[in-house]
Amino acid sequence: MHFSTTIASFVFALEAAAIPFGHLTGGQLSAAQVAKKWQSLAKRDEAAPAYPAYNLSVPIDFFPDDKRYEPHSNGTFNLRYWVDDTYYKPGGPVFVLLSGETSGENRLPFMATGISNQVAQATAGLSVILEHRYYGTSFPFPDASTKNLRFLSTEQALAEIDYFARHVKFEGIAEDLTAPNAPWIVYGGSYAGAQAAFLRVVYPDTFWGAISSSGVTTAIYDYWEYYEPIRQFAPPDCVRNTQTMVDVVDSILLHDDQKDKVARLQEAFGLGQITDKRDFANVLTSGITGWQSTNWDPELNSPSFFYYCGNLTGTVNYDNVEHLRPTVKELVSVGGYVNDSLVENITLNAIGYFGRTSVAAWNESGETQDAFFSVLNDTFWQDTSLVAAEAWRSWSYQVCTEWGYIQTGSTPADIKPLISRTLDLEYLTYFCRSAFNITQPPDLWQVNKYGNYSIEYSRLAIIGGNADPWRPATPLANGSSTRVSSTDKPWLEIAHGVHHWEENGVPANETTPIFPPAQVVYAQQFVKNFVIDWVKEFNDQFRLEL
């Protein structure tokens, strides 16, 4: 199947990221649906071992007395998982990596060379990847109608993992490894990182230890803070130039007395056929939001962010935009940048960049600009197919019901935003109303009741990068000095790290003295060290009890 560079890069970023980022348009999400099974074409993936998939029948409804889930169900469905027993020896732990809000197939590289592989080697452990209900093939119903999504909640998903740990039998393993007969260590990144933390608190007798990597343990509705780590840690010139571009755009979009300039602004960007100015502003977020998909491993890293920054400079980088300078000169003057050639150049480069990416992708689509770029598309949002569920619908339901994380432009007035202030809650939650008829804010308490920022428990590790746009929703929100790390309560902030950077790894024959980078090597060794101690503690305690 052929993909344009723009669409292929987008889909890879969508699958690689733990929690979807930015404000995805109908055209982008349609591409994700078409490419549901598209995988990275990295050479390393071609040589990765193939792991057989298994299924365990689990209940659909773990809370038959809770009115929230009426009408109740006594049905079951197959929950998919994968196992690698290459390094397992009796006494080793069951190390479970939670796949989170994506197909579990997308987490298999972590079993081949990532944190699961490394911990299993270090501890003689059994490595397991567990798929999440309503993702991949682990779907309880034949479609994703709102009624059928009612069992997709935080507490149901946690209860499911507990059930799995207490009932699964591993093929070829003679020992009874069900919890609590063996040390179960659960690991997750981002949303799955929050799950890992919650499991240790809610089911401490099942899970001996938990590792929350970039774990978003605090649900936030208006999550403007997403852009703060980007503002603080991304290249300063790129941040400054993005803020300038947004300031120019908002000086026109936010003021009624500049209505006559809106059409000229959109036409300059090649987006004059977009009806709603907020849809236009939304297109301009696709460069800066690429920060989340940056990674230390070139084969996993999405280059889109640095491509964007490399083009949004103060020197014009495109041959086909100079004729627009008179128009741009007039547009930037509205924002107070009169005869400012630097701001003119930044704006011309933005026009060039989005022309080569977003506009080019639209040109290939054969659709109208509204069909491709608008988020105000009822026909799209009301697709209840399982393909839609895999691409966007399942996680969107979780966002609308419990988690929030609407990445708005409502940055405080004393901070220049990285995206337009027109992108507010009303606009960015349109999909909740259209797809699910949900008109109220999400019930954040269903998440935050487990501990939010202050979550803490024996043998619960908190890890994350200080440059992660999701850090403001994690216990690391206030920095690495918030708590003192110990073997019992490990605590680590990865310097210049972005989103759960210690989760992926590379084959031993690709390592060098500087690759992976030192802070990632340290973080992975840090994890292995305390897991070794946790397993020893379990086995010592078990021997004493015998």
Side-chain angles (χ1 to χ4, degrees), residues 18 53-66 68-83 94-107 126 128-142 144 147-170 177-180 182 184-212 215-217 219 386 389-390 393-395 397-399 401-403 446-447 449-450:
Y54 300 90
N55 288 284
L56 179 69
S57 179
V58 301
I60 294 173
D61 184 5
F62 288 94
F63 301 94
D65 298 322
D66 191 332
R68 179 184 181 193
Y69 301 107
E70 292 179 346
H72 291 284
S73 171
N74 58 5
T76 60
F77 71 100
N78 284 331
L79 186 68
R80 187 166 58 160
Y81 65 98
W82 295 261
V83 180
V94 179
F95 189 82
V96 183
L97 188 143
L98 305 176
S99 67
E101 70 291 11
T102 187
S103 167
E105 294 176 358
N106 295 327
R107 306 308 189 199
L126 187 75
V128 178
I129 290 178
L130 181 61
E131 196 162 70
H132 192 296
R133 58 172 46 203
Y134 289 86
Y135 293 93
T137 64
S138 301
F139 216 91
F141 299 102
K147 177 183 177 181
N148 284 345
L149 289 170
R150 68 189 183 279
F151 300 108
L152 177 54
S153 68
T154 302
E155 63 184 6
Q156 292 276 6
L158 296 179
E160 170 178 273
I161 302 167
D162 175 71
Y163 183 92
F164 175 84
R166 290 179 174 271
H167 291 84
V168 68
K169 304 295 182 183
F170 296 111
L177 294 183
T178 55
W184 279 65
I185 311 294
V186 63
Y187 176 103
S190 196
Y191 161 68
Q195 282 191 300
F198 299 162
L199 286 167
R200 181 66 183 127
V201 172
V202 180
Y203 299 105
D205 294 334
T206 301
F207 300 99
W208 181 250
I211 304 165
S212 179
V216 288
T217 57
L386 294 187
E390 176 73 6
R393 190 171 174 87
S394 291
W395 177 245
Y397 180 79
Q398 292 187 259
V399 164
T401 54
E402 295 184 344
W403 288 84
Q446 297 292 346
V447 174
K449 65 184 179 182
Y450 298 113

Where is the tightest heavy-atom contact between [X] and [Y], given as atom of each residue plus distance?
X    : Y    : result
T217 : V447 : O-CG1, 4.1 Å
I211 : F95  : CD1-CE1, 3.9 Å
W403 : A194 : CH2-CB, 3.9 Å
A53  : W82  : CB-NE1, 3.5 Å
T154 : Y450 : CG2-CE1, 3.7 Å

All side chain to side chain contact (heavy atoms under 4.5 Å, CB included) counterparts of [X], not counting sequence neighbours:
X    : result
V399 : W395, I406, F431
A192 : L98, Q195
V168 : L56, Y81, F164, F170, W184
P142 : none

With sequence neighbours excluded, what pairs up with R133 under the salt bridge (charged side-chain N to carboxylate O under 4.0 Å, His left out) test? E160
Roughly how far, to the nearest 0.5 Å, is [atom2] of [Y] from [atom1] of [X]?
X    : Y    : atom1 : atom2 : answer
N55  : L79  : CG    : CG    : 7.5 Å
N78  : T137 : CG    : OG1   : 8.0 Å
H132 : L152 : NE2   : CG    : 6.5 Å

Classify the side-chain pair R107/T102 by whether it contains a donor and acceptor separated by less than 3.5 Å.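 R107 vs T102: no donor-acceptor pair found between side chains.
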Quick one: does any side-chain atom of [X] pair with a main-chain N or O of [Y] as donor and acceptor, under 3.5 Å?
X    : Y    : answer
R393 : A144 : yes
R150 : P71  : yes
S73  : I60  : no
R80  : E131 : no
S212 : G193 : yes

My understanding is that only residues two or more places apart in sequence, or in another chain, count here; which of them pass side-chain hydrogen bond (donor to acceptor under 3.5 Å, both in side chains) with [X]?
X    : value
S153 : Y69
T178 : D176, N181
Y135 : Q398
T401 : none

Those residues at least two apart in sequence (or on a different chain) that pass ring pair (Phe, Tyr, Trp, His ring centres under 6.0 Å) with F62 are Y163
Tell me every residue that passes ring pair (Phe, Tyr, Trp, His ring centres under 6.0 Å) with Y397, counting only those two or more places apart in sequence or in another chain.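 Listed in chain order: F436.
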Scan P59, P140, S57 and name whichever one has a side chain to side chain contact (heavy atoms under 4.5 Å, CB included) with F77. P140
Give me each pair satisfying salt bridge (charged side-chain N to carboxylate O under 4.0 Å, His left out) with a member in residues 197-212, each pair once, sequence neighbours excluded.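 Those involving residues 197-212 do not exist here.
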